[in-house]
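To start, the structure itself, in structure tokens.
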Amino acid sequence: MFKKGDLVLLIDSKGKRYLITLKEKGSFSFHKGKIEFREILGKREGETIVSSKGEKLLIFKPTLEEYILKMKRGAQIIYPKDIAQILTIGDIFPGAKVFEAGTGSGALTISLLRQVGKKGRVVSYEKRKEFLDQAKENITKFQNLRKEEWGKLILRERDIEKGITEKDFDRAILDLPEPWKVLKEMEKILKPGGILVCYLPTVLQIFNLIEEIEKNFGKVFYLMGIYEFLQRKWKKSGLSLRPEDRMVAHTGFIILIRKLKSSCKRNKKRF
Ligand code: SAH
């Protein structure tokens with residue numbers, strides 16, 4: 001049953017979604033009228049509520065994807081379609097020790113914490129305090145909503161170009177504009193066989209990253225692949241079943257890199 005402090009996802013007749021925090025008193029207003037919070041309090045997920053202008057809305061607790069898309073952003077988030085792939089091709093497993101930079105709004109951080117579970121840990125660095133504060137708020141709010149077996153989180157307000165204190169990570173994920181500047185750090189903190197995932201919005205950045213690996217880190221890192229993932233939603237209306245007119249056409253590319261056992265004297269041409 002919905003109670004004070006809960007997050008509620010409202011879906012109107014057109015499928016438009018609204019995320020609200022329930023309070024004891026007050027109301028939520030939108031272009032199709034007003035809904036008093038007290039009408040939602042005590043209701044269950046999947047029930048319908050009617051606004052002052054007669055609009056019917058479904059009420060649910062938000063899924064992690066819905067929460068991420070609606071939560072307050074400091075920095076631009078990694079979209080759930082890309083997060084899903086990072087978790088899968090980046091092989092983030094329960095119990096893993098994962099490094100992340102930057103924390104941004106915390107969208108990826110929350111997803112990592114869920115994936116590594118209570119035996120895992122996530123260490124996340126962010127150089128801007130205002131983003132770190134926003135991320136903390138976003139993460140805690142969702143964790144309070146869902147009593148799951150979250151991983152342990154260590155957040156640090158720090159520029160990773162100035163060094164990383166922790167080491168022996170299974171996985172590292174960089175959502176930074178210039179990841180090629182921290183490959184030395186990644187070499188230090190990742191275990192052999194560890195996976196580095198870089199998330200980059202433009203091809204020139206990918207080019208710079210791979211050039212740097214080829215020139216200076218050929219014996220340390222192996223490029224597994226460069227990926228782009230598209231997600232297209234469809235709709236049915238009467239006899240017409242077809243893709244929606246709009247889609248998120250571009251977000252970022254995912255670059256998957258594997259750490260080699262540093263001491264091995266391999267010739268980079270063999271890869
Ligand atoms: N992945 C995040 C968004 C990260 S946006 C999410 O899903 O919500 C990129 C972030 O990297 C920004 O917040 C920026 O401040 C931070 N950043 C950029 N360079 C950095 C550095 N050298 N060290 C730490 N954080 C950095």
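Just so you know, ligand 1 is whichever comes first in the structure, and atom 1 is the first atom listed for that ligand. Numbers for residues simply follow the sequence, beginning at 1.
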Relative to the ring of Phe142, is the ring of Tyr67 parallel (under 30°), tilted (30 to 60°) or perpendicular (over 60°)? tilted

Closer than 4.0 Å to some heavy atom of Asp175 - which atoms of ligand 1 meet that? 1 (N), 2 (C), 3 (C), 4 (C), 5 (S), 9 (C), 10 (C), 11 (O)

For Gln76, the ligand 1 atoms whose distance to one of its heavy atoms is below 4.0 Å: 3 (C), 5 (S)

Under a 4.0 angstrom heavy-atom cut-off, which atoms of ligand 1 come close to Ile77? 6 (C), 7 (O), 8 (O)

Treating Glu47 as the side-chain partner and Arg44 as the backbone partner, does any N or O pair qualify as donor plus acceptor under 3.5 Å? yes

Between Tyr18 and Asp12: side-chain donor-acceptor atoms closer than 3.5 Å: yes

Nearest protein heavy atom to atom 25 (N) of ligand 1, by residue and atom, and its distance? Lys127 N, 3.2 Å

Using a 4.0 Å cutoff against the non-hydrogen atoms of Ile78, which atoms of ligand 1 qualify? 1 (N), 6 (C), 7 (O)

If you take the nearest heavy atom of each of Asp159, Leu176, Ile68, which one is closest to atom 22 (N) of ligand 1? Asp159

Under 3.5 Å, side-chain donor or acceptor atoms of residues 112-121 against the rest of the protein: list the pairs with distances, not counting sequence neighbours.
| from | atom 1 | to | atom 2 | distance (Å) |
| --- | --- | --- | --- | --- |
| Arg114 | NE | Glu148 | OE1 | 3.0 |
| Arg114 | NH2 | Glu148 | OE2 | 2.8 |
| Gln115 | NE2 | Ile92 | O | 3.1 |

Ligand 1 contact by Ile173, heavy-atom criterion under 4.0 angstrom: no

Flag yes if more than 12 heavy atoms outside Lys56 fall under 6.0 Å of its NZ atom; otherwise flag no. no

If we ignore angles and hydrogens, is there a donor and acceptor under 3.5 Å between the side chains of Glu100 and Ser124? yes

Just to be sure I read this right, does ligand 1 sit under 4.0 Å from the backbone of Val182, its side chain, both, or neither, counting only heavy atoms? neither

Using 30° and 60° as the class boundaries, would you call the ring planes of His250 and Phe253 parallel, tilted or perpendicular? tilted

Would you say Arg158 contacts ligand 1, with heavy atoms under 4.0 Å as the rule? yes

Just which atoms of ligand 1 are under 4.0 Å from any heavy atom in Ala75? 5 (S), 13 (O)

Cluster question for you: counting only ILVMFWY and a side-chain heavy-atom cut-off of under 4.5 Å, with indirect links fine, are Ile110 and Leu19 together? yes

The atoms of ligand 1 lying under 4.0 Å from a heavy atom of Phe131, numbered in the order shown, are 12 (C), 13 (O), 15 (O)

Would you check whether Glu100 has a nitrogen or oxygen atom less than 3.5 angstrom from a nitrogen or oxygen atom of ligand 1? no

Winner among Gly102, Pro80, Ala101 once heavy atoms are compared against atom 11 (O) of ligand 1: Gly102

For atom 23 (N) of ligand 1, which protein heavy atom lies nearest, and how many Å away is it? Ile160 N, 3.0 Å

Nearest heavy atom to atom 15 (O) of ligand 1: which of Glu178, Glu130, Glu161, Glu126 does it belong to? Glu126

Flag Gly106 as yes when one of its N or O atoms lies below 3.5 Å from any N or O atom of ligand 1, and as no otherwise. yes

Who else is in the cluster with Met247 when I, L, V, M, F, W and Y are joined by side-chain contacts under 4.5 Å? Leu230

Qualifying residue for salt bridge (Lys or Arg N to Asp or Glu O under 4.0 Å) with Glu166, from Arg156, Lys188, Arg158: Arg156

